[in-house]
**Q** 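Handing you a structure now.
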Number of protein chains: 2
Amino acid sequence: MPHVTLEDVARAADVSLATASRALNGRRVTPHLHDRVLAAAARLAYTPNAHARALAGASHRSVGVICHDVTDPYFAAVAGGVMRVAADNDLLVMLASTFRDPEREIAYVSMLRAERAPAILLIGSGFEDPRWDRALAAELTPYLDGGGRVAVVSRHRNLKVDSVLPENRAGAAALARALLGLGHRRFAVLSGPSELTTVADRFGGFRDELAAAGVTLSPAAVAEAEFTRDGGYQAMTELLGRGLDATCVFALTDVMAVGAYAALRDHGLSVPGDISVAGFDDIPIVRDLTPPLTTVALPLRQLGEKAMELALTENPGRRRRISRLPAEVVLRASTSPARA
Amino acid sequence: MPHVTLEDVARAADVSLATASRALNGRRVTPHLHDRVLAAAARLAYTPNAHARALAGASHRSVGVICHDVTDPYFAAVAGGVMRVAADNDLLVMLASTFRDPEREIAYVSMLRAERAPAILLIGSGFEDPRWDRALAAELTPYLDGGGRVAVVSRHRNLKVDSVLPENRAGAAALARALLGLGHRRFAVLSGPSELTTVADRFGGFRDELAAAGVTLSPAAVAEAEFTRDGGYQAMTELLGRGLDATCVFALTDVMAVGAYAALRDHGLSVPGDISVAGFDDIPIVRDLTPPLTTVALPLRQLGEKAMELALTENPGRRRRISRLPAEVVLRASTSPARA
DNA sequence: TAGCACCCTGAAAGCGCTTACTGAAAGCGC
DNA sequence: GCGCTTTCAGTAAGCGCTTTCAGGGTGCTA
C-alpha cells in the first residue's frame with residue numbers, strides 16, 4: 001500500500017503539482033486554490049515524504065546527537081538540555097547511544113552523515129587512542145565540507161569543531177583544594193576507563209593539585225572501573241579489600257560514588273564518619289542520597305543547550321569556537337573534616 | 001560545497017552508475033571493478049545520501065521513539081532497552097521527548113511519518129482525554145496503511161497497535177495487599193497528573209484493593225503533582241501541611257518517592273520509623289536510597305526491548321499483539337509493620 | 001485602446017540513488 | 001565451429017518533491 005503523494009493531492013484538488021506544493025508550503029497561491037489543496041491534503045491524510053523533500057533541496061530538521069549511554073543520568077541531563085533547545089527550534093533529535101564503543105560512535109556519525117543531518121552533536125569524553133580521533137576526523141571533515149555543523153561536549157583533543165568544555169581539570173583541582181582544606185591527607189580515587197580523556201583530566205587535575213600541596217597518591221589507593229554505579233561499587237570494594245587507609249575517596253563521577261556508598265555500607269563503614277566521599281558532575285539524584293554527596297557541579301543542562309546553540313548559530317569562517325562552562329565545588333554532608 | 005555523489009565515484013572509478021551502486025551494495029560485480037569502485041569511494045570519502053536511497057526504494061534504518069521525558073530514569077531505562085535491540089539490528093534510533101505535551105507528541109509522530117521511519121515506538125502513559133487518542137489514531141492509521149510499524153509501551157486504550165503492557169493495575173493491587181499485610185490501615189497517596197492513564201491504573205488498582213479489604217482512602221489523603229522528584233516533594237509537603245495521619249504513603253512513581261523522602265526528612269520524619277513509603281517502577285537508584293525503597297518492580301529494560309522486538313517482527317494480519325509484562329512487589333526497608 | 005508590468009499557474013528539470021531492462025561478451029554442448 | 005545459455009556492465013526510468021522558467025491572464029498607465 002503506497003503512501004499518498006503530492007500528486008494524489010494535486011489531482012484531488014484539480015491543480016498542478018507545483019501549485020499543490022506551493023499551497024502546502026505557504027507560498028502565494030489564490031486563496032480559492034489554496035483552500036482546495038489543503039482540504040484535499042487533509043482528506044487524504046497526506047504527509048509529505050521527508051526524503052523526497054530533502055532530496056529536492058529543502059533542508060531537513062533532524063539533528064543527530066551521539067552520547068555514550070542514555071541511561072546514565074549525566075547524559076540524560078545533557079540530552080535534556082539539547083532537546084529543550086531543539087524543541088524550541090522545531091528540530092527533531094536523533095539520539096544514539098554508543099555504549100562507549102568508538103567504532104559504534106564512528107558508525108553513527110557515518111549514518112548521520114548519510115542522513116544529511118544538518119548538525120551532529122557528540123556528547124561525552126573522547127578516547128585517548130589518537131587512532132579514534134583520526135578516524136572520527138576522517139568522517140567529520142567531509143561532513144563539515146558539505147555544510148554540516150558539528151559541536152562536541154567535553155571532548156577537546158584534535159577535533160577542529162565547536163566545543164563545549166566543562167572545566168574538568170580545574171574542577172577536580174578545586175575539589176582537591178577543598179578536601180585538603182578539610183584536613184584530608186590520605187586519599188583514594190575511584191577512577192574510570194583509562195582510555196577516556198575525561199579520566200585523565202579529572203584524575204590529573206586532582207592528583208596534580210594534591211602534589212602541589214605535597215600530598216602524593218599511591219597507586220594502591222587508585223582503582224579503575226567502569227563509569228557506572230556497579231563500577232563504583234566494584235572499585236570501592238577492591239580498595240577496601242586492599243586494606244585502604246584513606247580518609248577520603250574521590251569518585252570520578254557521581255554515578256560511581258553511588259556505587260561507592262553501597263560498597264561502604266556493605267562493609268559497615270559510615271559516610272562521612274569513617275570516610276568522606278566526593279563525586280563529580282552533580283547529577284540530580286546525589287542531593288537525595290544519604291548523606292547528600294559533595295561533588296563538583298557541572299551545569300549539565302547548559303552543556304547540552306550550549307552545544308545545540310553553537311551548532312545552530314552561523315559560523316562563517318568555520319573557526320573553532322570554544323565555550324567553557326565552569327565547574328563548581330559543592331560541599332555537602334558526605335565530606336567532613338579529617339579526624340586528627 | 002556539494003556532497004560527493006555516486007556519480008563522482010563512478011566517474012573516478014571509470015564505471016557506470018549502476019556498477020558503482022552494485023559494487024557498493026555488495027552485489028555481484030567483477031572483482032576488478034569492485035575494487036576500483038571501493039577505492040574511489042574511499043578516496044573521495046563518499047557517503048551515500050540516505051534520502052536518495054530511501055526515495056529510490058531502499059528501506060531505511062532509523063526508527064522513531066517517542067517518550068515523555070528522556071531525563072526521567074524510567075524512560076531512560078526503557079529507552080536503553082530499545083537501543084540495545086536497535087543496535088543489535090543495526091538500526092539508528094531517533095529519540096524524541098514530548099515533555100508530556102500531547103500536541104507535541106502528535107507533531108513528532110507526524111515528523112516521523114514524514115521521515116518514513118520503518119517503525120514508531122510510543123513509550124509511556126497515554127492521555128485520558130479521548131480527543132488525543134483520536135488525533136493520534138488519525139496520524140497512525142495512514143502510517144500503518146503505508147506499511148509502518150507501531151508499538152506502544154504502557155498505553156492501552158483505543159490504539160489498535162502492538163502493545164507492551166506492564167501490569168500497572170495488578171501491581172498496585174499487589175502492593176496494597178502487601179502493605180495491608182504489614183498492618184497498615186491509614187494510607188496516603190502521592191498521585192500524578194490525572195490526565196495520564198497510568199495514574200488511573202495505579203491509583204485505581206491500589207484504591208480498589210484497599211476498598212476490597214474495607215479500607216477507604218479519604219480524598220484528603222491524596223495529593224496530586226507532576227511525575228517528577230519535585231512533584232513528589234511538593235505533594236508530600238502538601239499532605240504534611242494538611243495534618244497527615246497516615247502510617248504509609250504510596251507514591252505512584254519512584255521518582256516521586258525520592259521527592260517524598262526529601263520532604264519527610266525536611267519535616268523531621270523518619271522512614272519507616274514515622275511513616276512507611278512505597279513507590280512504583282523500581283528505577284535503579286531506589287536501591288541506593290536510605291532506606292532502600294519498597295516498590296513495584298517493572299522490568300524496565302525489557303519493556304523497551306520487547307516493544308522494539310514487536311515492531312521488528314512481521315505481523316502479517318496486522319492483528320494487535322499484546323505483551324503483558326509482570327509487575328512484582330519488592331519489599332525493602334522503607335516499609336515496616338504498622339505500629340499498633 | 002494599446003502597451004507594459006505584474007501575478008499566478010503549470011510544465012518540466014532535476015536532487016542522488018536503485019533497479020528493471022537491454023545488450024554484449026563469454027562459456028558450453030554437440 | 002554454431003547456436004544456446006549465462007554473466008555482467010550500461011542505459012534509463014523512476015522514487016516524490018521543490019523550483020526555475022515560460023506563458024497567460026489582469027490591471028494599470030498613457
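Each chain gets a letter, A, B and so on, in the order the sequences are listed, and its residues count up from 1.
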**Q** Between D:dG14 atom P and A:Leu55 atom CG, what is the distance in whole Å?
**A**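 For the pair A:Leu55 CG and D:dG14 P, the rounded distance is 17 Å.
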**Q** Taking CG from A:Asn49 and C1' from D:dG14, how many angstroms apart are they, rounded to a whole number?
**A**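 Distance check: A:Asn49 CG to D:dG14 C1' gives 14 Å.
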**Q** Looking only at non-hydrogen atoms, find the nearest pair between B:Leu112 and A:Leu92 and report the distance.
**A**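 In terms of heavy atoms, the two residues are closest at CD1-CD2, 3.7 Å.
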**Q** What's the NE2-C1' distance between B:His32 and D:dA9, to the nearest Å?
**A**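 Checked: the NE2 to C1' distance equals 13 Å.
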**Q** For DNA chain C, what are the stems built from at least three Watson-Crick or G-U pairs in a row, each pair having both distances below 3.5 Å?
**A**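 Output for stems: C:1-30 with D:1-30.
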**Q** Is A:Asn49 close to A:Thr5 at the side-chain level, that is, under 4.5 Å between some pair of heavy atoms?
**A**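 Side chain of A:Thr5 against side chain of A:Asn49, heavy atoms only: no contact under 4.5 Å found.
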**Q** Could you tell me the separation between the CZ atom of B:Arg149 and the CG atom of B:Leu144, rounded to the nearest 0.5 Å?
**A**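 CG of B:Leu144 is found 9.0 Å from CZ of B:Arg149.
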**Q** Over how many whole Å does the gap from A:Arg53 atom CZ to C:dG16 atom P extend?
**A**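 About 18 Å, once rounded to whole Å.
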**Q** Taking the side chain as everything from C-beta on, heavy atoms only, tell me whether B:Ile106 gets closer than 4.5 Å to B:Glu103.
**A**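 B:Ile106 does not reach B:Glu103 side chain to side chain.
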**Q** Measure from NE2 on A:His51 to C1' on D:dC17 and round the result to the nearest Å.
**A**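 Nearest whole value for this atom pair: 13 Å.
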**Q** Check whether any side-chain heavy atom of A:Glu226 lies under 4.5 Å from a side-chain heavy atom of A:Pro193, and answer yes or no.
**A**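 The answer is yes, as the side chains (C-beta and beyond) meet within the 4.5 Å cut-off.
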**Q** Could you list by number each residue of residues 5-28 of chain A showing a heavy-atom separation from DNA chain C of less than 4.0 Å, or answer none if no residue does?
**A**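 Contacting residues: A:Val15, A:Ser16, A:Ala18, A:Thr19, A:Arg22, A:Arg28.
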**Q** Expressed as a whole number of angstroms, how long is the span from B:His34:NE2 to D:dA9:C1'?
**A**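 My rounded result for the distance is 15 Å.
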**Q** Is a donor from one side chain sitting under 3.5 angstrom from an acceptor on the other, for B:Thr98 and B:Arg104?
**A**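 No, because no side-chain N or O of B:Thr98 sits under 3.5 Å from a partner of the opposite role on B:Arg104.
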**Q** Angle between ring planes, B:His68 versus B:Phe127, binned at 30° and 60°: parallel, tilted or perpendicular?
**A**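 Judged by the thresholds at 30° and 60°, the geometry between B:His68 and B:Phe127 is perpendicular.
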**Q** As an exercise, state the distance from CG of A:Leu122 to OG of A:Ser154, rounded to the nearest 0.5 Å.
**A**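 With rounding to 0.5 Å, CG (A:Leu122) is 11.5 Å from OG (A:Ser154).
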